[in-house]
> 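First, the structure itself, so that you have it in front of you.
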Amino acid sequence: TFVNAVGVGFDVAVLERTTRARWLRGNALYAVTAFGALFKYRGFSATIDAGSDARVHPDSTARAPWLTIVIANGQWFGGAFRIAPTASLDDGKLDLVAITDASPFRRLQLFGSAPWGRHTRASEVHTAQRVNVSIHFDTPPLFQADGELYRATEPSLNIRVVPQSLRLIV
């Protein structure tokens, strides 16, 4: 269960690094650990099943080398990154943002454009809006949900919208 976003890959590596850092806090901690991970993180293989949408990946059966895959309900991620600029909490859809792996220099460019949501214009970034998204791995992955780390019990993550499941009193 999550409200804002679920992610695998780079964002999980950054969260793992933040748990080991002792001298920074908040957005500075995330930025410093993310910068270090840009050069050390190794991508991962997974297959995304989000229905027939060529924007997700030209070959839906390909196990692309991914940098990160984020399924977002909200636009913002990691405190300062507009990871899913078209996301809306009340549209009944999830925004899939899947970024294929890239060189460290290209990762730096993508990372630098993410606070403004401009990364979605890059050829490495594949997007779709869906009610259901499944991601298939070789082994149960580590993933984050709203910034908390978890290990899946199966080699697939199946994420879906549950309409009107969050009640707020304002």
> Indicate yes or no for a side-chain donor-acceptor contact from H119 to the backbone of I83 under 3.5 Å, with no hydrogens or angles considered.
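Yes, H119 side chain to I83 backbone: donor-acceptor pair under 3.5 Å.
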> With a 4.5 Å cut-off on side-chain heavy atoms, are T47 and I135 touching?
no
> Answer whether the closest heavy-atom distance between the side chains of P141 and L157 falls below 4.5 Å.
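Touching, per the 4.5 Å side-chain cut-off.
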> Please answer whether the main-chain N or O of P85 pairs with a side-chain N or O of Q75 as donor and acceptor at a distance below 3.5 Å.
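Looks like yes, one N/O pair under 3.5 Å.
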> So which atom in K93 and which in N73 form the shortest heavy-atom distance, rounded to 0.1 Å?
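Heavy-atom minimum between the residues: O-OD1, 3.7 Å.
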> Taking all non-hydrogen atoms of both residues, which atom of S45 and which atom of F137 are closest, and how far apart?
O-CD2, 4.0 Å
> Within the side chain of T68, is there an N or O that forms a donor-acceptor pair under 3.5 Å with the backbone of G7?
no
> Can you tell if the side chain of V125 reaches within under 4.5 Å of the side chain of V97, non-hydrogen atoms only?
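The answer is yes; the side chains approach within 4.5 Å.
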> Among all residues two or more places apart in sequence or in another chain, which pass the side chain to side chain contact (heavy atoms under 4.5 Å, CB included) test with V161?
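Listed in chain order: L94, V131, P163.
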> In this structure, is the centre-to-centre distance between the rings of F111 and F35 below 6.0 Å?
no
> Heavy-atom distance under 4.5 Å between the side chains of D91 and Q129, does that happen here?
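Counting from C-beta outward, D91 and Q129 do come under 4.5 Å.
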> With sequence neighbours left out, what residues match Q144 under side chain to side chain contact (heavy atoms under 4.5 Å, CB included)?
D11, V12, L15, F77, L149
> Give a yes or no on whether the backbone of A46 and the side-chain of W66 come within a donor-acceptor separation of less than 3.5 Å.
yes
> Does E16 CD have over 12 foreign heavy atoms under 6.0 Å away?
yes
> Are side-chain heavy atoms of L96 and T127 found at a separation under 4.5 Å?
no
> Tell me the side chain to side chain donor-acceptor pair (under 3.5 Å) pairs involving residues 105-117, sequence neighbours left out?
D101-R107, R106-Q109, R106-E124
> Please name the pair of heavy atoms, one in P140 and one in A152, separated by the smallest distance, quoted to 0.1 Å.
CB-O, 3.0 Å
> Once side-chain hydrogen bond (donor to acceptor under 3.5 Å, both in side chains) is applied, do any residues pair with R17, and if so which ones, sequence neighbours excluded?
none
> Are L89 and I71 linked, directly or through other ILVMFWY residues, by side chains that come within less than 4.5 angstrom of each other?
no
> Quick one: which residue pairs count as a ring-ring contact (aromatic ring centres under 6.0 Å, His included) with a foot in residues 138-161, not counting sequence neighbours?
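Every ring-ring contact (aromatic ring centres under 6.0 Å, His included) pair that includes a residue of residues 138-161, provided the two are not neighbours, is F143-Y150.
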> Under a 4.5 Å cut-off applied to non-hydrogen side-chain atoms, are S134 and N158 in contact?
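S134 vs N158: side chains touch.
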> D146: what forms a side chain to side chain contact (heavy atoms under 4.5 Å, CB included) with it, not counting sequence neighbours?
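With sequence neighbours excluded, D146 shows a side chain to side chain contact (heavy atoms under 4.5 Å, CB included) to F2, V3, N4, given in chain and number order.
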> If you compare all heavy atoms of R82 against all heavy atoms of P115, which two are closest, and at what distance to 0.1 Å?
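R82 and P115 have their closest heavy atoms at CB-O, 3.6 Å.
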> Output, in order, the C-alpha distance, side-chain angles, deciding distance and verdict of side chain to side chain contact (heavy atoms under 4.5 Å, CB included) for L67 and Y41.
CA-CA 8 Å; L67 176 62; Y41 177 72; 3.8 Å; yes
